[in-house]
Amino acid sequence: MSTSNNSEKKLFLLDGMALIYRAYFALNKVPRLTSYGLNTGAIMGFTNTLLEVLKNQQPSHIAVVFDTDAPTQRHIDFEAYKAQREKMPEDLATAIPYIFRLIEGFDIPIITKDGYEADDIIGTLAKRAEQNGFTVYCMTPDKDFGQLVSDHIFIYKPARMGNGAEILGVPEILEKWEVTDPLQVIDILGLWGDAVDNIPGIPGIGEKTAKKLIQEYGSIEGLIANTDKLKGKQKENVENFAEQGLVSKKLATILLDVPTELDEAALAYTAPNKELLEPLFAELEFRTLGKRVFGDDFTITDAESKKSSGQMDLFSADKSGFPDIPTAAAEATVAEHSINTIAHTYHLADTPEKQADLVQLLAKSKEFAFDTETTGLDALSAEIVGMSFALKKGIGYYVPTPADRDDAIQIMTTFQSVLEDPSIGKIGQNIKYDILVLSRYGIHLRGALFDTMLAHYLIDPDTRHGMDVLAETYLSYTPVSITELIGAKGKKQGSMRDVELEKIKEYASEDADITLQLKEIFQPLLQDSATEKLAQEVEFPLVYVLASIEQNGVKIDVDTLKTISKGLEQDVAKLEASIYEKAGVTFNIASPKQLGEVLFDKLQLDPKAKKTKTGQYKTGEDVLLALADKSDIVQDILDFRQMQKLKSTYVDALPTLINAETGLIHTSYNQAVAATGRLSSTNPNLQNIPIRTERGREVRKAFIPRDTDHVLLSADYSQIELRLMAELSQDKNMMEAFQKNQDIHRATAARVYGVDLESVTSEQRRNAKAVNFGIIYGQSAFGLSQNLKISRKEAAEIIDQYFAQYSGIRDYMSNTIEAAKEKGYVETIMKRRRYLRDINSANMTVRGFAERNAINAPIQGSAADMIKVAMIHIHQDILAKGLKGKMIMQVHDELVFDVPRSEVDTFKEIISQRMKNALKLQVPLEVEIGEGSNWLEAH
DNA sequence: GCGAGAGA
DNA sequence: TCTCTCGC
C-alpha cells in the first residue's frame, strides 16, 4: 500500500470492550437468539460497527484493542480502581469468543498488552501514528478519550439509534467540555469522578461544577492552590479531598508511553477472510447481514446452522426444544433505513376537497392505521394539531387541524363517520391516547382495535414497546425523531403547533405508516405465540374500558385533605423537635445519608451497622425497626417518615392533580408496563393509596362520590391469587379450604403447625400468611426470613412443612419450572406468555429469580386476565343497559364504581356476576362488594 | 416479587 | 442516580 500521500494514511483504533458493551446494551432490548439459543445481540451490534467503519470510512489501517486480565499500574496505585465493576452478564461472556473470531474473520489485528489498559495502548499508538503522518480515529463511546484529540487525532463515536456517527476534533472537544485545551478534560474528570471506573473525584462536584471550576482555575492543581477563593461546603470538600482529586486525575490520565510498537504493515487493512467469516456468519445465523457482506447467494445450509446444536437434538426429537422467541426480532439488524432512504408518498390533505377524497378512501377500507399529533403528552389537556392515516405500506396522509378549536372541530367532523364506524378496524400505537384526545373534540372512536404497543406487550412483555424501538427492531427503520422537530425534552422544548407543515406531514404520516407495517408483522407473531385471542378479546377491547375509566375520573374532597394535611404538619413538627432534641443536633431527617451518620456515627446505635453499595448507612424501615429498643428516637424517625410520606405523596399531591375543567382526578392506566399482565397507574398512582395504617387510610375518606345522590361501590376478589394457585395446582388441601370457605391463612397455619383451626395463634397465622404471600410474589426463602425476622433455617423449615401439607403446590411448582426450562416461557390461564430467558442460567441467583418468576407470573397474570375480562363485561353491560353509574378505579383485584343510589342494586348484581364468572374455575370465587359515602367506607 | 413517586 | 415506602 502506498504511503506517499499522508491523507491516505488513515488509522482506526477501536476500543474493543467498550464497543462490545455498548452493542450489548443497545441491542438487548429485544433479544436476538439463534435457533440453538445463543444470544447474538452484542455480536451483531459489533459486526455492524465494524461494517460501518470499513464501508463509510475506508480506513487504510485498523486494529481492535483490548485489555487483558493482568493488573495495571492503576490497580497497584489505587486499590478501589474499577473494583465495583459488575460482573459481565452471562450471555455477553458467551458472546465474546465469537467476537474475537469475528475480528479475525475480518482479518483485523487484535492488540493487547499485559499491564496496560486498552485506553493507554490506544493513546500511545495514536500519538506515535500521528508523528508518522497518520490521521488517527479513536473509535470509542468513552468520554475520557477527549483528552487525546489533536490536529490529527479524532474521536470517532459510533452511530447510535437515530444518530449518525460523530467525529470529534479539537474544536468539538473544547466546546463540549468548555475548556481551552483538550488536556483539561483530565482535570474535569479528576474533579467529577467516574462512578463506572470507581474514580472517586471530589465529593459534591459533578459535571457542571467541575467545568466551572476548571474554567476558572485551569487545573486541579490551580484549584487546590486557590481554595481561599471558594466558599462553604465546596471549600471544605476541595481542601479535605485535595489528595483524592489528584489521585483521580492520575487515574483519568491516559498513558502515552506504553512499550509497544506501531507496526504499520500489520495494521494495514485489505479485505475480510471469506473462508473464516462466511461459516461464522452461517453459524450465527446472520442471514440479512450475510447477504449484505457476501451478496445474495449467501445462504445458511441446514448442515451449517445445526453444527452447534447437534447435541441438543438428542433431547428434542419432535419438539423444537427452544424458546419460541419471535423470529423477526432475531433476524432484524441494526436500523439501516430511515425516511431518507425509503421511497414513500406522504400526502398533505389540507383542503376540503382532499379531505373528502381521503374520507371516501377510508370509508371503503376494512381497517386503517391512524395517529393524532398534539401539543402535549397529557391526553386530557393537549390540543390536537393534526391526524394522520395509512392504508397501504409507504403511503400516508396528513390532515392538519388549525389552532382555533371550532375550526378544528369542523375539519374533524368530516372524519367522524369513518372514525366512529364500528365496522372499520382501527390500528394505532397506544390508541387509548388517541381515543381520549378525539373524545374531547366530540369524536367517539368505535370499531375493533389493533394496538401495536399492546400487541408487542403480548409478544414479549419484558421488553420495551415504544414505536421507535419497535420500528428499529422489526422494520430496521429509524423513524424521524420527535426531538428533531421540537427539540429535546425540558423547558425549551417547542410545540408541535409551530413545526413547519412539510416536516410535520412527513413525521405524522410516517407514524401511521409504520404503525400499519408493524401490525402486519405483529399479527402473525400473535398467532405464533397463541396470544391472538387474548389480544382480540381482552387487551384490545380493554383499551375502550380504560379510556372510559380515565375519563370518568374520581372526585376528591379537598377540605378533608386540607384538614388531614394540617394535622400531619403539626405532628411532623413535633416529631422533628423531639428527634433534634434526642439527637443533640439538627439535621435533615429526610436525608438517609445524614440520618445514617447521626444514628450510627454520633449515637452509635449499632456498631455493626450495614452500608449500602454507595457507602451510606442503611436506614430502611426493617433496619430501624430492629433498633427500636435502643432509643426511642428510632420510633420518632419511623413516625416522621410515615407522616412525611403521607403528606407529600398523597395528602398534598392529590389536590394539585385535580383537572380544572372537570374538577375530578383523572389517573392514567398503563396497559403495557407490568410484565405479569397487571395494569399500572400514574398521575396519580391510584393503586397505592394507603390502607395498612390507621393514619394512612384516612386518605381514602377523601375519595367521594360525585354528589350526595351517588355512592361509591367497591368490589374486590377475595384471595384471588391463592384461589388461582389452588386452581392451577389442583392441590386438594388448598381447594378444600376454599370450598369450605375457611380463612385461608388460618387454615394454612393449622396445617403447617399441625394444630386445630381454633387453636392457631396470631403469630402462627401471620407466618402462614407470609408464606402464602411469599409464593404469590415469588419471594425467595431469604426474602421470607427477612420479612418475618426469623433465621433462614426457620424459614426453610416452615416452607418444608408447607410443601409437605400442600404437595400439590409443590408438584405444580416443580412442573411449572420444568416446563419453563423446556419451553422458555410460562403462561396464564388465558395464554398470556412471559419469557424467562435466565431459566437455564448456570448462575444460581439469576436462575432462582427466573424460577420464582415462573411460579409467580401464571398466578398474578391469571388474576390480571380475570379482572380484565370482568371489566370488559361490566363496561358492556353498563352501555347496553344505559346505566348512569360509572367505573372509576381498578386496583389489581378491586374495582370501584360511582353509582346513583337508584342503580346500586342493579350494579351489585352485574358486578358480582361478571366478576365471579369472568373465567370458568373449579375453585369457588368470592367477591366482596361494599357501599359507602367514601372509599374507606365502601371498601 | 413489581410498579410509582418523593426527595436528596 | 439512589434510597425509601406505599399498594397489590
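All heavy atoms count here, side chains included; hydrogens, waters and symmetry mates do not. Values in this document were obtained by computation on a predicted structure and should not be read as measured data. Per chain, numbering begins at 1; letters A, B, ... match sequence-line order.
Here the nucleotide nearest the side chain of A/T612, chosen from C/dT3, C/dC8, B/dG1, is C/dT3. Nearest nucleotide to the side chain of A/T614, out of C/dT3, C/dC8, B/dG3: C/dT3. The side chain of A/P690 approaches C/dG7 more closely than any other nucleotide in the set B/dA8, C/dG7, B/dG5. For A/N685, counting side-chain heavy atoms from C-beta on, the closest listed nucleotide (B/dG3, C/dT3, C/dT5) is B/dG3. Considering only the side chain of A/T649, B/dA6 comes nearest among B/dA6, C/dC8, C/dT5. With C/dC6, C/dC4, B/dG1 as the choices, the nucleotide that has an atom nearest any side-chain atom of A/T619 turns out to be C/dC4. Of the candidate nucleotides C/dC6, B/dG1, C/dC8, C/dC8 has the atom lying nearest to any side-chain atom of A/I691. Among the nucleotides B/dG3, B/dG7, C/dC8, the one closest to the side chain of A/N688 is B/dG3.
Once the 5.5 Å centre distance and the 30° plane angle are applied, the aromatic ring of A/Y777 is found not to be stacked with the base of B/dC2.
The closest donor-acceptor contact from the side chain of A/S681 to the backbone of A/Y669 lies at 3.5 Å or more, if one exists at all.
For the pair A/Q642 CD and B/dG7 P, the computed distance is 16 Å after rounding to whole Å. Distance, A/I689 CD1 to C/dG7 C1': 9 Å, rounded to whole Å. Here the P atom of nucleotide B/dG7 and the CD1 atom of A/I589 are 15 Å apart, to the nearest Å. Across the protein-nucleic acid pair, A/L646 atom CG and C/dG7 atom P stand 9 Å apart, rounded to whole Å. Regarding A/K593, its NZ atom lies at a distance of 16 Å from the P atom of C/dC2, rounded to whole Å. Computed from coordinates, the A/D622 CG to C/dC4 P distance equals 9 Å when rounded to whole Å. Separating the CD atom of A/Q860 from the P atom of C/dG7 is a distance of 16 Å, rounded to the nearest angstrom. In this structure, the NZ atom of A/K611 is 14 Å from the P atom of C/dC4, given to the nearest Å.
For A/S648, no side-chain nitrogen or oxygen approaches OP1 or OP2 of B/dG5 to under 4.0 Å. OP1 and OP2 of B/dA4 both lie 4.0 Å or more from every side-chain N or O belonging to A/S681. For A/S680, a side-chain nitrogen or oxygen approaches OP1 or OP2 of B/dA4 to under 4.0 Å. Dashed line: the shortest gap from a side-chain N or O of A/R641 to OP1 or OP2 of C/dT5 is under 4.0 Å. Residue A/T682 places no side-chain N or O under 4.0 Å from the OP1 or OP2 atom of B/dA4.
Counting non-hydrogen atoms under 4.0 angstrom, A/N588 reaches the backbone sugars and phosphates but no base. Residue-level contact check: A/F773 touches neither bases nor backbone, having no heavy atom under 4.0 Å from any strand. Counting any heavy atom pair closer than 4.0 Å across all strands shown, A/N856 reaches no nucleic acid atom. Using a 4.0 Å heavy-atom cutoff across all strands shown, A/N683 reaches sugar-phosphate atoms only and no base atom. Using a 4.0 Å heavy-atom distance criterion, A/A675 is classed as a sugar-phosphate-only contact.
Classification of the A/Y825-A/Y835 ring pair by plane angle, with boundaries at 30° and 60°, yields perpendicular.
Here CE of A/M887 is found 6.0 Å from CG of A/L895. Values are rounded to the nearest 0.5 Å.
Each of A/H465, A/M453, A/E539 was checked for a side-chain contact (heavy atoms from CB on, under 4.5 Å) with A/Q671, and the lone residue meeting it is A/E539. A/E926 pairs with exactly one of A/M915, A/Q719, A/R723 by the side-chain contact (heavy atoms from CB on, under 4.5 Å) rule, that one being A/R723.
Under the 3.5 Å distance criterion, with hydrogens and angles disregarded, no donor-acceptor pair is assigned to the side chains of A/Q616 and A/E597.
At a cut-off of 3.5 angstrom, the base of C/dC8 holds at least one donor-acceptor pair with the side chain of A/R678.
Using a cut-off of 4.0 Å between Lys/Arg side-chain N and Asp/Glu carboxylate O, A/K701 and A/D557 are scored as not salt-bridged.
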